[in-house]
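Throughout, a chain's letter reflects where its sequence line sits, starting with A, and its residues are numbered from 1.
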Protein chains: 2
Amino acid sequence: MSEIQSQYVKKILRGVGTAPVECGEAFAPSNIALCKYWGKRDPVLNLPVNSSLSVSLGKLGTRTAVRFADRNRIELNGKEVSPEDTFAVRILEFLQLFFPMIGNVHFDVRTANNIPTAAGLASSASGFAALVLALDNLMGWGLDRKQLSMLARLGSGSAARSVYDGFVCWHAGTRKDGRDSFAEPISSDWKEFRIGILEISKDWKPVSSRAGMKRTVETSELYRSWPRQAADDLEMLRLAIADKDFPMLGKTAENNALAMHATMLSAWPPLIYWQPETIAQIHRVHQVRSEGLDVYLTIDAGPNLKLLFTEETEKLVKSFFPGLQVICPID
Amino acid sequence: MSEIQSQYVKKILRGVGTAPVECGEAFAPSNIALCKYWGKRDPVLNLPVNSSLSVSLGKLGTRTAVRFADRNRIELNGKEVSPEDTFAVRILEFLQLFFPMIGNVHFDVRTANNIPTAAGLASSASGFAALVLALDNLMGWGLDRKQLSMLARLGSGSAARSVYDGFVCWHAGTRKDGRDSFAEPISSDWKEFRIGILEISKDWKPVSSRAGMKRTVETSELYRSWPRQAADDLEMLRLAIADKDFPMLGKTAENNALAMHATMLSAWPPLIYWQPETIAQIHRVHQVRSEGLDVYLTIDAGPNLKLLFTEETEKLVKSFFPGLQVICPID
């Protein structure tokens with residue numbers, strides 16, 4: 001917990017109401033970036049190098065309940081986690097940011113994901129978003145979504161996007177104080193849009209995405225071209241969403257994801273989240289696409305593929321990828 | 001065959017002797033780039049965007065015999081190839097460059113590789129180098145290696161490097177006429193240096209490296225950062241060879257190869273030469289290196305890994321990678 005972070009939180013909370021309830025509860029969806037967040041311009045305030053664009057996963061995400069308690073108690077998916085565990089430490093340090101004046105405050109946090117934790121399915125995004133929403137509920141602050149987005153960002157960058165449903169743009173911003181780096185929803189009624197989750201591994205990743213992007217920014221020469229690519233891709237995605245132009249959306253999202261992995265590959269030491277099965281499935285997607293099926297892929301900082309397609313091809317895509325978990329993000 | 005190419009060849013051949021023999025014969029080694037050639041600034045004269053640095057593979061390469069004949073006859077590894085086959089067409093078009101005044105000249109070319117053809121083991125490099133050397137022998141031109149390098153380059157860029165043994169630098173050059181784009185040997189007595197070939201697939205590649213680099217240059221945003229990376233890597237490799245600093249050589253070569261594959265990954269459509277087994281073996285190299293073994297990898301435009309190590313660790317490396325074909329490039 002840093003002084004800069006505490007001051008930042010204090011400014012956002014200034015003037016909000018407090019009508020506390022006994023237990024604050026909230027749900028936040030996971031989100032999958034179509035234009036990835038990769039690289040920080042400020043690691044303390046989690047300010048990104050580039051703006052990003054995501055789609056939230058509807059009912060897949062994190063439900064969190066938080067209350068004050070006599071001792072810190074963190075529960076993940078029904079099991080108590082040791083307070084020394086990285087997972088618990090990150091949550092407790094984050095909560096301390098909101099109560100800098102109180103020396104000895106303790107929390108009971110119960111959080112449950114219905115997505116695999118840390119397998120590149122952005123559970124830290126939904127996790128910190130749900131925590132901030134639950135805290136707002138607990139304290140009765142009544143903050144608006146933009147403010148909640150700026151607070152969730154401190155816990156995990158991509159959490160800034162998980163305070164909304166549907167398509168979301170997280171503006172990188174340019175200010176040093178981080179007050180212009182927040183997410184906004186992109187309105188859309190693209191009900192035919194589909195995402196399919198192809199699970200390759202539930203294993204925890206060897207390198208956190210936080211450490212991974214740091215290494216990439218510091219050591220990859222090719223990363224220098226990333227900000228321009230991301231800026232171009234984001235504009236293309238906005239147009240594709242506005243026009244419901246699925247091939248343009250799919251192509252841009254896949255190219256963006258593979259370019260992000262390319263920056264990792266060219267880091268030192270090389271950062272490769274992919275497993276052999278990841279390559280096999282990428283080739284499979286390319287094979288069926290070459291046969292005329294309009295399906296694209298995206299991959300986060302993990303081994304799992306997410307497929308992008310539309311209602312029209314859903315049956316065919318499922319037949320080529322058995323076990324695919326299909327989500328309708330826009331309803 | 002273009003007029004520009006014919007004029008280029010004519011200028012190099014100007015003033016050379018001709019004491020023809022009945023059959024020209026030569027051997028040229030394959031080479032493995034430690035700083036890759038990736039991207040052309042001129043596709044007609046095969047002028048590269050970046051200078052590259054390789055090590056030749058000693059006795060692994062191509063042996064070629066060429067003679068004039070009544071009809072074109074191309075033999076590869078003991079089997080006659082149809083004159084319509086891409087392989088034969090490339091050879092015959094290349095040979096025509098040297099005899100622009102003669103309308104109807106035919107050749108009998110017998111070529112044999114002791115390396116898998118087109119599995120990313122640079123058989124076109126040794127192939128065109130051997131062909132130029134055999135032609136020089138056939139015609140009695142007596143060209144020097146620098147001139148032979150400039151001619152071999154027209155057949156396949158990396159062939160410019162295969163006219164030498166040991167470490168070789170191919171200067172990209174800046175001239176439009178291509179006369180400053182040739183290879184030169186880098187003298188070294190680094191007898192302890194080893195390369196290990198880990199064969200994953202003998203299959204022909206789906207996309208030629210010629211087409212692959214064209215697609216990358218035209219569509220990859222990250223490729224814009226490649227020329228600077230290659231220039232930096234080449235200087236590091238020169239220093240590493242001069243100092244026999246193996247970790248510096250290994251790190252630079254591996255980072256360079258993965259950066260090249262990163263530019264392909266970020267091309268559109270994405271260009272992925274890797275197979276699932278490629279990823280498995282990359283992880284294996286990283287695993288044994290994390291345990292303290294000084295072994296690095298490089299990968300060309302294909303699925304196969306080449307391992308870099310030294311005599312000191314040869315036994316251990318072999319024990320971790322059974323079936324490894326070990327080469328002593330410098331003797």
Side chain B:His283, main chain A:Pro276, donor-acceptor under 3.5 Å: no
Enclosure of B:Lys40 NZ (heavy-atom neighbours >12, cutoff 6.0 Å): yes
Contact check, side chains of B:Pro269 and A:His286, non-hydrogen atoms, under 4.5 Å: no
Neighbour count above 12 (heavy atom, 6.0 Å) for B:Lys244 NZ: yes
Check: B:Arg224 and A:Arg228 side chains under 4.5 Å, non-hydrogen atoms: yes
Within-4.5 Å side-chain heavy-atom neighbours: B:Ile279 and A:Thr278: no
Listed partners of B:His171 passing ring-ring contact (aromatic ring centres under 6.0 Å, His included), at least two apart: B:Phe182
Option passing side chain to side chain contact (heavy atoms under 4.5 Å, CB included) with A:Glu221 (candidates B:Asp233, B:Asp232, B:Asn256): B:Asp232
Interface moiety of B:Thr263 toward chain A, non-hydrogen atoms closer than 4.5 Å: both
Donor-acceptor contact below 3.5 Å, side chain B:His261 vs main chain A:Ser266: no
Between A:Thr219, A:Ile282, A:Leu265, the one whose heavy-atom pairs under 4.5 Å with chain B are most numerous: A:Leu265
A:Asn255 side-chain N/O to B:Trp268 backbone N/O, donor-acceptor pair under 3.5 Å: no
Minimum heavy-atom distance between B:Leu222 and A:Ala259, given as atom pair plus value: CD1-O, 3.5 Å
A:Ala257 portion near chain B, given a 4.5 angstrom heavy-atom threshold: neither
Heavy-atom pairs under 4.5 Å with chain B, option from A:Gln281, A:Met264, A:Gln275 with the top count: A:Gln275
